[in-house]
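Since the structure comes first, as C-alpha cells, the remarks are kept for the end.
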Amino acid sequence: MLDLIILSLHFLICFLISIAIWCGPKDVDSHSSSTGGAEMEPDGLIFIGKEEDIKKSQRITAKIDGREIVVFYHEGKFHALDSRCYRKIFACVISDINGQACIVCPWHKFKITLETGEGLYEGINRLEPSPTPKWQSKGVKQRIHKVTIDNGNVYVSPPDLSVSFDSDYFAEKYKNGGELAMGK
C-alpha cells in the first residue's frame, strides 16, 4: 500500500513539474526568417539566450527552423536536445542513472542521456548464473544539438538532418500539426 502511495506521489510531482515546464515563462521565440524562428549568427550558430539566464532557470526551450528544442544547464554543463522524447512530449526530470545524467520522461519513464541522446533500459541476461538487472543501451534515440558559449551567450548548431533519430518523427509531427496531430 505504501508503494502505491509513493508511486502516486511521484507521478503527481512529475505531472506538476511537466505542467510548470509546459506553461512556464522560459520559452524563447527568437525572430528571423533565415532559420524559421531563431536568430542565426554569421558563423551559422543559432542564438538561444544569455548564459546567466539559462543557468538560473536550469532549462529553456527555443525553436530552430520550427523545431522545438530544450537547452538544459545541469551540473555545470549545457545540453541541448529535441524537446520531444522519441515518443511524445518532453517535459521531464533529470536523474542520475548508472553515473550518467539522464532525462526521465514522465509519461513513458524512458531514460535518455543528456550527453549523447542514448536511450537506456534496465534488463537482465537470463543466461547468467545469477541474473541481475543492468543498465543497457537502446542506441541513440534522441537528437542532441551542439552547444557553444561565447561572451555570455548560448548558441546551438543547426541540426544535421542527414542523420535520422527516433525523436525526429515527433519533432516533425509537432512542427507540422501540434498536439492534435499527435493523437493525444
Are Ile94 and Ile112 connected into the same hydrophobic cluster when the rule is that any two of I, L, V, M, F, W, Y join if their side-chain heavy atoms are below 4.5 Å apart?
yes
Once you round to the nearest 0.5 Å, how far does CD1 of Ile97 lie from NZ of Lys111?
5.5 Å
Once rounded to the nearest 0.5 Å, what's the spacing between atom CG of Asp150 and atom CG of Leu45?
8.5 Å
Hey, mind stepping through Val154 and Ile60 against side chain to side chain contact (heavy atoms under 4.5 Å, CB included) and telling me if it holds?
CA-CA 11 Å; Val154 177; Ile60 189 170; over 6 Å; no
Any side-chain heavy-atom pair from Phe110 and Lys141 closer than 4.5 angstrom?
no
Tell me whether Phe78 is reachable from Ile64 by hopping between hydrophobic residues (I, L, V, M, F, W, Y) whose side-chain heavy atoms are closer than 4.5 Å.
yes
Using only heavy-atom distances, determine whether the side chains of Thr113 and Glu118 contain a donor-acceptor pair under 3.5 Å.
no
Assess whether atom NZ of Lys56 is packed by more than 12 heavy atoms of other residues, nucleotides or ligands within 6.0 Å.
no
Val156 to Ala80 - nearest heavy-atom pair and separation:
CG1-CB, 3.9 Å
Please find the pair of heavy atoms, one from Ala101 and one from Asp96, that lie closest to each other, and give the distance.
N-OD1, 4.4 Å
Roughly how far apart are Glu115 CD and Gln100 CD, rounded to 0.5 Å?
8.5 Å
Between Ile124 and Gln136, what is the shortest heavy-atom contact and its length?
N-NE2, 4.0 Å
Are Val70 and Leu114 in one and the same hydrophobic cluster, where Ile, Leu, Val, Met, Phe, Trp and Tyr link if side-chain heavy atoms are under 4.5 Å apart?
yes
Residue pair Gly139 / Ser137: nearest heavy atoms and the distance that separates them:
N-OG, 2.8 Å
Output for pair (Thr148 OG1, Ile46 CD1), nearest 0.5 Å, gives 10.5 Å
Quick check on the hydrophobic clustering: are Val104 and Trp135 connected, directly or via other members, by side-chain heavy-atom contacts under 4.5 Å?
yes
Counting distance only, does the side-chain N/O of Arg143 pair as donor-acceptor with the main-chain N or O of Asp160 below 3.5 Å?
yes
Please round to the nearest 0.5 Å and tell me the distance separating atom OH of Tyr73 and atom CD of Glu52.
8.0 Å
Taking only Lys NZ, Arg NE, NH1 and NH2, and the carboxylate oxygens of Asp or Glu, determine whether Arg67 and Asp168 approach each other closer than 4.0 Å.
yes
Could you report the tightest heavy-atom contact between Leu120 and Cys102, atom names first, then the distance?
CD1-SG, 3.8 Å
Counting N and O atoms only, with roles assigned by atom type, does the side chain of Gln142 sit under 3.5 Å from a partner on the main chain of Asp82, one being a donor and the other an acceptor?
yes
Considering non-hydrogen atoms only, spot the tightest contact between Glu51 and Ile149 and give its length.
OE1-CG2, 3.4 Å
What verdict does the side chain to side chain contact (heavy atoms under 4.5 Å, CB included) test give for Phe72 and Ile103, after you've listed the backbone C-alpha separation in whole Å, the side-chain angles of each residue and the deciding distance to 0.1 Å?
CA-CA 10 Å; Phe72 293 98; Ile103 292 168; 3.4 Å; yes
Please work out whether the ring planes of Phe47 and Tyr155 are parallel, tilted or perpendicular, with thresholds of 30° and 60°.
perpendicular
Find the distance between OG (Ser157) and CD1 (Ile144) and round it off to the nearest 0.5 Å.
10.5 Å
